[in-house]
Amino acid sequence: METLKFEVDQESIEKAGEIIRKGGLIAFPTETVYGLGANAYDSRAVRSVYAAKGRPSDNPMIVHIAHFDQLEDVVSEVPEVGRQLMDVFWPGPMTLIMKKNDEISDATTGGLDTVGVRMPSNRTAAAFLNSCRVPVAAPSANLSGKPSPTTCEDVLEDMDGRIDGIIMGEQCDVGIESTVIDVTGDHPVILRPGFITAEMIRKSLNIEVTYDPALFMEPDQSDFHPKAPGMKYKHYSPKADVQIVEGDQEKALQIIGELSTKAQAEGKKTALIDYGRDSREAARDFFARLRELDREDVDIIYVYALPEEDLGFSVMNRMLKSAGYNVIHA
Ligand code: TXA
Ligand code: MG
């Protein structure tokens, strides 16, 4: 199929919204990463998202809305703590897991009785979701296993010819996927770390927040049972081997230098990703950089680890996955 390229203007966005209502698939920018949207009420459309991505169909999708009024079209109840979080962090890079209502297709939630809901803050995303007039189920717009796309070129690299259209927006500002928070229990539990951190939530709401214990495990551990099904799959894998080096920066760079020299002597092409302590820049750039280095046919990518606190913890979650938890301690 031909993938239509829509510019960011009201008329084009209206056309894209019409395609969603007719059961088609549209990729669109958000502040986190590009999403691949389908009408959340249309099981056939939602199933075609799994096919376009080559994604296992037990992995539930996030439902995107433009207005608070649309919440009741998606969930059966809004817990008090969910309401408090929305008041502070919506629209924005935060997904809340709540009890789903009967209208939302089982295909969207992978058969779960809960659903993830998010109201993005990106203006193009908001205009698009508005024009759809239905809640939009959307995973990240990459082929399953690849890094999430943060530019429209990266979406086209994976999806050109596989989807009905794409809104050709700007590079995503946050650059890693939303924080996924389960609010169905007695306190919020972070299932996937993101730009909205536990520290930010504790500071603004003064409440208890915990992490899914699986976030501190490697997938080959026997008690690794993440509550977000998507966290168990192979993720963010570029063609290149990724190697994380952590510890003192000077020592780490020395080790990377030695390893590179050795690899290059064996005819391999190497690259270094080093954001120092700048987690904000790391979040924005990391996925795009992995894809860029793949296009340059790099064989080994060395990544200097971020401090694992606040946003650094969230970005390291992606870095570790892309490296298959391959870490050298300098
Ligand atoms: O920033 C984002 O969240 C992007 C943009 C497009 O909004 N979307 C995104 O979707 O990253 P996806 O499908 O790549 O990741 C959704 C994550 C998966 O790990 C999935 O298992 C989890 O959210 N999830 C979705 N619904 C869930 C539910 N009902 N219970 C537990 N986890 C859920
Ligand atoms: Mg994804």
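Source: prediction; values computed, not measured. Every number for a ligand or one of its atoms is a count from 1 in the order of the listing.
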*With Asn142 as reference, evaluate Thr150, Asp158, Val33 under the side chain to side chain contact (heavy atoms under 4.5 Å, CB included) test and give the passing residue.*
Asp158

So [Y] and [X], do their side chains get closer than 4.5 Å, heavy atoms only?
{"X": "Ile181", "Y": "Ile201", "result": "yes"}
{"X": "Lys227", "Y": "Val189", "result": "no"}
{"X": "Ile244", "Y": "His329", "result": "no"}
{"X": "Leu85", "Y": "Ile196", "result": "no"}

*Who else is in the cluster with Val155 when I, L, V, M, F, W and Y are joined by side-chain contacts under 4.5 Å?*
Leu25, Tyr34, Leu36, Val46, Val49, Tyr50, Met61, Leu143, Leu156, Met159, Ile163, Ile166, Met168

*asked:* When you measure from the side chain of His67 to the backbone of Ile65, do you find a donor-acceptor pair of N or O atoms at a distance under 3.5 Å?
replied: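 Looks like no, no N/O pair under 3.5 Å.
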
For ligand 1, run through the N/O pairs with the protein that fall under 3.5 Å and put one pair on each line.
from: ligand 1; atom 1: 1 (O); to: Thr32; atom 2: OG1; distance (Å): 2.7
from: ligand 1; atom 1: 1 (O); to: Ser178; atom 2: N; distance (Å): 2.7
from: ligand 1; atom 1: 1 (O); to: Ser178; atom 2: OG; distance (Å): 3.4
from: ligand 1; atom 1: 3 (O); to: Ser178; atom 2: N; distance (Å): 3.4
from: ligand 1; atom 1: 3 (O); to: Ser178; atom 2: OG; distance (Å): 2.5
from: ligand 1; atom 1: 3 (O); to: Arg192; atom 2: NH2; distance (Å): 2.8
from: ligand 1; atom 1: 7 (O); to: His64; atom 2: NE2; distance (Å): 2.6
from: ligand 1; atom 1: 7 (O); to: Arg118; atom 2: NE; distance (Å): 3.0
from: ligand 1; atom 1: 7 (O); to: Arg118; atom 2: NH2; distance (Å): 3.2
from: ligand 1; atom 1: 11 (O); to: Arg192; atom 2: NH1; distance (Å): 3.1
from: ligand 1; atom 1: 11 (O); to: Arg192; atom 2: NH2; distance (Å): 3.3
from: ligand 1; atom 1: 13 (O); to: Arg55; atom 2: NH1; distance (Å): 3.0
from: ligand 1; atom 1: 13 (O); to: Arg55; atom 2: NH2; distance (Å): 3.0
from: ligand 1; atom 1: 14 (O); to: Ser140; atom 2: N; distance (Å): 3.3
from: ligand 1; atom 1: 14 (O); to: Ser140; atom 2: OG; distance (Å): 3.0
from: ligand 1; atom 1: 15 (O); to: Arg192; atom 2: NH1; distance (Å): 3.1
from: ligand 1; atom 1: 21 (O); to: Asn59; atom 2: OD1; distance (Å): 3.0
from: ligand 1; atom 1: 21 (O); to: Pro229; atom 2: N; distance (Å): 3.3
from: ligand 1; atom 1: 21 (O); to: Gly230; atom 2: N; distance (Å): 2.6
from: ligand 1; atom 1: 29 (N); to: Thr114; atom 2: O; distance (Å): 3.3
from: ligand 1; atom 1: 29 (N); to: Thr114; atom 2: OG1; distance (Å): 3.1

*Is it the case that Gln249 and Asp274 place a side-chain donor and acceptor less than 3.5 Å from each other?*
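There is such a pair (donor and acceptor under 3.5 Å, judged by atom type) between the side chains of Gln249 and Asp274.
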
*Got a sec, which residues hit side chain to side chain donor-acceptor pair (under 3.5 Å) with Gln10, two or more places apart in sequence or on another chain?*
Glu14

*Count, waters excluded, of protein N, O or S atoms under 2.8 Å from the Mg ion (ligand 2)*: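 There are 1 of them.
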
